[in-house]
Amino acid sequence: MVDTNAIPDAPRLAETYAEVEDALLSRWPESRLEPSLDRIRAFCEVLGDPQHSFRSIHMTGTNGKTSTSRMIDTLLRALELRTGRFTSPHVERMSERISIDGEPLGDEEFVRAFNDVAPYTHLVDSDQPFPLSFFETVVAMAYAAFADAPVDVAVVEVGMGGTWDATNVIDADVAVVLPVSVDHTSYLGENPGAIAREKAGIIKPDSIVVMAEQPLDAATVLLERAQEVGATVAREGLEFGVVSRVAAVGGQVVTLQGLRGRYDEVFLPLFGAHQAQNAAVALAAVEAFAGDAELDDELVRAAFAEVTSPGRLEVIRRSPTIVLDAAHNPAGARATAAALEDSFQFAPLIGVVGVMADKDHEGVLAAFEPHLAHVICTQSSTERALPAQALAEAALDVFDEDRVTVVPDLAAAIEAAATLAEAGEAFGSPLGSGAVLVTGSVVTVGEARSLLTRGRSGARDAQS
């Protein structure tokens, strides 16, 4: 623990988890960006540059980062490596962002991680044109906690983009680029090529780049960056990929071609072709990190069988079935819709949709329209949420009028959707086969998950 007596005018240390949340949320939110690494570099320097004390795998891309990072983490731990994992946003609790050995920090550990860096925040704030943001502070907390553990390897997910993302003060052994599509256009660009330029910033000299299948313009940018810095590239569909996949009870069975070997009939307890592709990327990233030897086949099987990804096509309740999925852009919604068709037989499927105001909600609604018998437009508690009525107005341009309902309160929206799902005969469907899909943002899904698992809800100001 830091001796604050040695630091003049140091802020008061937090005593509870709630005090840490309040202190972090009082800083610049994740939705307010000032593109610079100066603050986080200065902060890490004051902390002794903890990010240089462990090896790392750094991840960017538009969708799939959190699921893939969880797969990578599980595989690395199967190799008996001690892991740290940083992901964002959180689904329910802020402490989910920082995990050690596969487990998020407990409340006391999260308070300790904050108190280890908090006494130095004012030093950076007073020396920079802009104060440290929420995200920068949490990144520093993660890197300091990883160094203190200590971990052998950190699996780090960018918050947004790459070049100017606060996580990018690491020099990762392996850079993972998941599929690039259009999102955060006001910050990153209007097309995949422009967005890829920002994301390519995580590719460092002499590293290995594990690249998911990309749009041509994005792939061109990423390959140019790799060549520029002397990085080695492994590409999905060429050096590695999904050989086959078959939907199965509770997930799917996949055969994966890795960089070092082929792994047949691996059970993955996640749904959809996109998760099979994420698994191939995760496998290649771990193979690239681990060296030249093929991974043990049984080790790979056992690791993938343990993977979970809360809020990603997660069946959270039965009778009726309620599925949570954090799709928040058109590409994510299309992947989710395809997975629903591939892995489930819901009739009717009732959507509960709540989105952020800065997202392409028309595109999300259009992706889901062929698959939803009815959509209930709602909103989460964050100020960034698009009002339910505004979402409904957009939905009327996509759905027939009799397929759209407005229920601003999320709990009431879920209850209304469950009632419709159970009334399958009203939609010409057999009784008992209906389900509810809650989607549109990580915040919406997080609040729904809290309601459905612990009977409570709370504001979540996560980036989604």
[Y] side chain reached by [X] side chain, heavy atoms, under 4.5 Å:
| X | Y | answer |
| --- | --- | --- |
| Val436 | Arg317 | no |
| Leu437 | Phe368 | yes |
| Leu410 | Val352 | yes |
| Asn329 | Asp360 | no |
| Arg77 | Asp73 | yes |

- request: Decide yes or no on ring-ring contact (aromatic ring centres under 6.0 Å, His included) for Phe86 and Phe135, but give the supporting numbers first.
  value: CA-CA 11 Å; Phe86 179 79; Phe135 188 73; 5.8 Å; yes
Is a side-chain N or O of [X] found less than 3.5 angstrom from the main chain of [Y], in a donor-acceptor match?
| X | Y | answer |
| --- | --- | --- |
| Thr68 | Ala282 | no |
| Thr378 | Val407 | yes |
| Thr60 | Val177 | no |
| Glu393 | Ala390 | no |
| Lys204 | Ile170 | yes |
| Lys65 | Gly61 | yes |
| Glu198 | Trp164 | yes |
| Thr453 | Arg449 | yes |
| Glu306 | Thr74 | no |
| Arg312 | Phe271 | no |

Do you know which two heavy atoms are closest between [X] and [Y], and how far apart they sit?
| X | Y | result |
| --- | --- | --- |
| Val242 | Ala280 | CG2-CB, 4.0 Å |
| Ala448 | Ile414 | CB-CD1, 3.8 Å |
| Val404 | Cys377 | CG1-SG, 4.2 Å |

I need the [X] [atom1] to [Y] [atom2] distance, nearest 0.5 Å.
| X | Y | atom1 | atom2 | answer |
| --- | --- | --- | --- | --- |
| Leu76 | Phe289 | CG | CZ | 6.5 Å |
| Ser343 | Gln252 | OG | CD | 6.5 Å |
| His361 | Met356 | NE2 | CE | 12.5 Å |
| Asp101 | Thr83 | CG | OG1 | 5.5 Å |
| Leu372 | Ile350 | CG | CD1 | 8.0 Å |
| Leu295 | Arg301 | CG | CZ | 13.5 Å |

Ser67 and Gln275: CA distance, side-chain angles, deciding distance, side chain to side chain donor-acceptor pair (under 3.5 Å) verdict: CA-CA 8 Å; Ser67 292; Gln275 293 289 20; 3.2 Å; yes
Aromatic ring pairing Tyr143/Phe146, orientation class (parallel under 30°, perpendicular over 60°, tilted between): tilted
- prompt: Between Arg70 and Thr308, is any side-chain donor less than 3.5 angstrom from a side-chain acceptor?
  reply: yes
message: What I want to check is whether the side chains of Thr66 and Glu157 have a donor and an acceptor closer together than 3.5 Å.
response: yes
- prompt: Taking only residues two or more places apart in sequence or in another chain, which ones pass side-chain hydrogen bond (donor to acceptor under 3.5 Å, both in side chains) with Glu236?
  reply: Gln277
task: Report yes or no: is the cationic atom of Arg93 (NZ for Lys, CZ for Arg) closer than 6.0 Å to the six-membered ring centre of Phe110, at no more than 45° off its axis?
output: no
field: Salt-bridge present (Glu287, Arg260; N to O < 4.0 Å)
entry: no
field: Ion pair Arg403/Glu369, N-O distance below 4.0 Å
entry: yes
Just distance, no hydrogens or angles: give the donor-acceptor pairs under 3.5 Å from side chains in residues 331-341, sequence neighbours left out.
unit_1	atom_1	unit_2	atom_2	d
Thr336	OG1	Asp325	OD2	2.6
Thr336	OG1	Gly332	O	3.1
Glu341	OE2	His371	ND1	3.0

- request: Output all residues satisfying ring pair (Phe, Tyr, Trp, His ring centres under 6.0 Å) with Phe114, sequence neighbours left out; order by chain, then residue number.
  value: none
message: Between Val323 and Leu313, is the side-chain contact (heavy atoms from CB on, under 4.5 Å) condition met? List the steps.
response: CA-CA 6 Å; Val323 181; Leu313 278 171; 3.9 Å; yes
- request: Run the numbers on Phe304 and Tyr263 for ring-ring contact (aromatic ring centres under 6.0 Å, His included), then give the verdict.
  value: CA-CA 11 Å; Phe304 274 121; Tyr263 305 86; 8.6 Å; no
field: Stepwise side-chain contact (heavy atoms from CB on, under 4.5 Å) check, Val209 with Leu222
entry: CA-CA 9 Å; Val209 184; Leu222 295 167; over 6 Å; no
task: Verify side-chain contact (heavy atoms from CB on, under 4.5 Å) between Trp28 and Glu136, making sure each step is shown before the conclusion.
output: CA-CA 9 Å; Trp28 274 21; Glu136 289 165 336; over 6 Å; no
